Amino acid sequence: MKPSLPAQPNHIAILRLSALGDACNLVPTVRALQRQWPNARITWIIGKGEHSLLAGLSGVEFVVYDKSTGLSGMRAIWRELADTRFDVLLHMQQAIRASVLSLGLKANVRVGYDKARAKDAQHWFTQHQLVPHPNAHVLESFMDFARLLGVEDDRLEWNLAVPAVAYDEASAISGDAPYLVINPCSNARLRNFRNWSVEGYASVIEHAWVQHGLKSVLTGGGSPLEREMGEHIEALCQPDSVINAIGGTSLKGVLALIDNARAVIAPDTGPAHMGNAMGTPTLGLYATTNPQRAAPYLWRDFAVNAYPNAVRTYLHKSVDEVSWGQRVRHADAMDLIKADDVIAKLDALLAHSAAQTTTGPSDES
């Protein structure tokens, strides 16, 4: 007989280690839990980089797991939490590593994804599974955990912590002129082709500069690939139109840059969801992943969606014939995105943002 879900949890554990974008998409679920049970403790077991992004999130105790430490790092967490028993563990990471980590945590009841959404046999490690929710956005899948516990108020709220020093860092990079943030690269993973072209980004930067008077601040990590791409983009642009900050910011600094930007442009990567979390208009570039599942949630209508074309071209199927999470693993797929399409979406996004500034924010955002 499986244990019952708690009606009034006193201590909730969240297990979600990665990635940056997913961490941002999970925060509204945390806020919904806090509204429902303001006196409950929430402990979030999280990855090292993700903690750097979300440190200071109000009402949350973080336990940090560095994936590079492997099993020894898991044992350290088990020792740290040896005297802690959670009323409920929300197992939100569909990976065997996280499931192994969950085995050393004490919880009265463990909740995971329904069988259709679970990966790596995650349902073997949980006692309650989510109600099936076909074709759910990632953010909605996280919110389903709160709904299963009985939360009805699922309004979207983030309120990320961004310290003053991060805004100082951002200001030193951007200066006083209005700007876009462009994060051109996604994290490098095996056969995970998400990056758009150097020439495409240069065309968009030129348009933003000439037509809108907006500089473009390039952000990203310090990997050789990202630095090289930034240098190539910069070389194709007018000197005053672009600021190359790739490898030169903290994650909190990127949040501050995004907060003060007119808009964010990025492929399927963390800063797109950071833009969404900060309420900054965000234009996502999608061909290898389905934007209906993974685009910045509040800005899905402004995503450039070449995914159906990529599915037809490289999988020889329609979107309806592939699974919801299907990726198009082809190196040329992002080339289906054309600069004119991105420019048109950017113009529409900036016009929408200007209209919202004039009339006030919509109920959705």
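Quick caveat, the model's predicted, so the values are computed rather than measured.
The shortest distance between side-chain heavy atoms of Thr288 and Arg327 does not fall below 4.5 Å. Contact check for Gln129 versus Val111: no side-chain heavy atoms found under the 4.5 Å cut-off.
Residue Leu89 is not grouped with residue Leu148 when hydrophobic side chains (ILVMFWY) are merged at heavy-atom distances under 4.5 angstrom, including chains of intermediate members. Cluster membership check: Tyr314 does not share its hydrophobic cluster with Trp324, using side-chain heavy-atom separations under 4.5 Å among Ile, Leu, Val, Met, Phe, Trp and Tyr. In the hydrophobic clustering of this structure, Leu105 does not group with Val30; members are Ile, Leu, Val, Met, Phe, Trp, Tyr whose side-chain heavy atoms approach within less than 4.5 Å, directly or through other members. Under the 4.5 Å side-chain heavy-atom criterion for Ile, Leu, Val, Met, Phe, Trp and Tyr, Val210 and Ile182 are members of distinct hydrophobic clusters.
Ser197 contributes a side-chain N or O that, together with a main-chain N or O of Gly200, makes up a donor-acceptor pair within less than 3.5 Å. Side-chain atoms of Ser250 come within 3.5 Å of backbone atoms of Gly253 as a donor-acceptor pair (strictly under, hydrogens ignored). Between the Arg194 side chain and the Asp268 main chain, a donor and an acceptor come within less than 3.5 Å of each other. Without hydrogens or angle criteria, Trp158 side chain to Cys24 main chain gives a donor-acceptor distance under 3.5 Å. Side-chain atoms of Ser353 do not come within 3.5 Å of backbone N or O of Leu349 as any donor-acceptor pair. Side chain of Lys252 to backbone of Glu169: no donor-acceptor contact under 3.5 angstrom is found. In this structure a side-chain-to-backbone donor-acceptor pair under 3.5 Å is present from His273 to Ala294. Counting only distance, with no hydrogens or angles, the side chain of Lys67 and the backbone of Gly47 share no donor-acceptor pair below 3.5 Å.
Distance check: Ile14 CD1 to Leu17 CG gives 12.0 Å after rounding to the nearest 0.5 Å. Taken to the nearest 0.5 Å, the CG atom of Leu251 stands 9.5 Å off from the CG atom of Leu54. Taking CG of Leu130 as the reference point, atom NZ of Lys115 lies at 15.0 Å (rounded to 0.5 Å). The CD1 atom of Ile12 sits 6.5 Å away from the CG atom of Leu149 when rounded to the nearest 0.5 Å.
Using modelled atom types and a 3.5 Å distance limit, the side chains of Ser186 and Asn195 yield a donor-acceptor pair. Between the side chains of Ser241 and Glu206, not a single donor N or O lies within less than 3.5 Å of an accepting N or O. For Asn276 and Thr282, the side-chain atoms include no donor-acceptor pair closer than 3.5 Å. In summary, the side chains of Asp259 and Tyr167 do present a donor paired with an acceptor at a separation below 3.5 Å, with no hydrogens or angles considered.
Screening residues 86-109 for ring-ring contact (aromatic ring centres under 6.0 Å, His included) gives His11-Phe86 as the qualifying pairs, with residues at least two apart or on separate chains. Applying the salt bridge (charged side-chain N to carboxylate O under 4.0 Å, His left out) test to residues at least two apart or on different chains, the pairs with a partner in residues 13-23 are Arg16-Asp22. Within the structure, side-chain hydrogen bond (donor to acceptor under 3.5 Å, both in side chains) contacts touching residues 46-66 (residues at least two apart or in different chains) are Arg31-Ser58, Arg41-Glu61, Thr43-Glu61, Asp66-Ser68. Annotation: ring-ring contact (aromatic ring centres under 6.0 Å, His included) contacts involving residues 100-135, sequence neighbours excluded, comprise Tyr113-Phe145. Among residue pairs with one or both ends in residues 225-251, none qualify as salt bridge (charged side-chain N to carboxylate O under 4.0 Å, His left out); sequence neighbours excluded.
Among residues two or more places apart in sequence or in another chain, the side-chain contact (heavy atoms from CB on, under 4.5 Å) test is passed with Ser318 by Asp320, Glu321. Judged as a side chain to side chain donor-acceptor pair (under 3.5 Å), and not counting sequence neighbours, Arg79 has no contacts. Annotation: side-chain contact (heavy atoms from CB on, under 4.5 Å) contacts of Asn10 (sequence neighbours excluded): Asp87. In terms of the side-chain contact (heavy atoms from CB on, under 4.5 Å) criterion, residue partners of Asp153 (sequence neighbours excluded) are, by chain and number, Arg35, Arg155. Take Val322 and apply the side-chain contact (heavy atoms from CB on, under 4.5 Å) test, not counting sequence neighbours, and it matches Tyr307, Val311, Leu315, Lys317, Gln326.
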Considering only distance and modelled atom types, tabulate donor-acceptor pairs under 3.5 Å from the side chains of residues 211-219, sequence neighbours left out.
| residue | atom | partner | partner atom | Å |
| --- | --- | --- | --- | --- |
| His212 | NE2 | Asp347 | OD1 | 2.7 |
| Thr219 | OG1 | Asn183 | OD1 | 2.8 |

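Clustering of Ile, Leu, Val, Met, Phe, Trp and Tyr side chains at separations under 4.5 Å leaves Tyr286 isolated, with no partner residue.
Nearest approach of Pro28 to Leu139, heavy atoms of both residues: CG-CD1, 4.2 Å.
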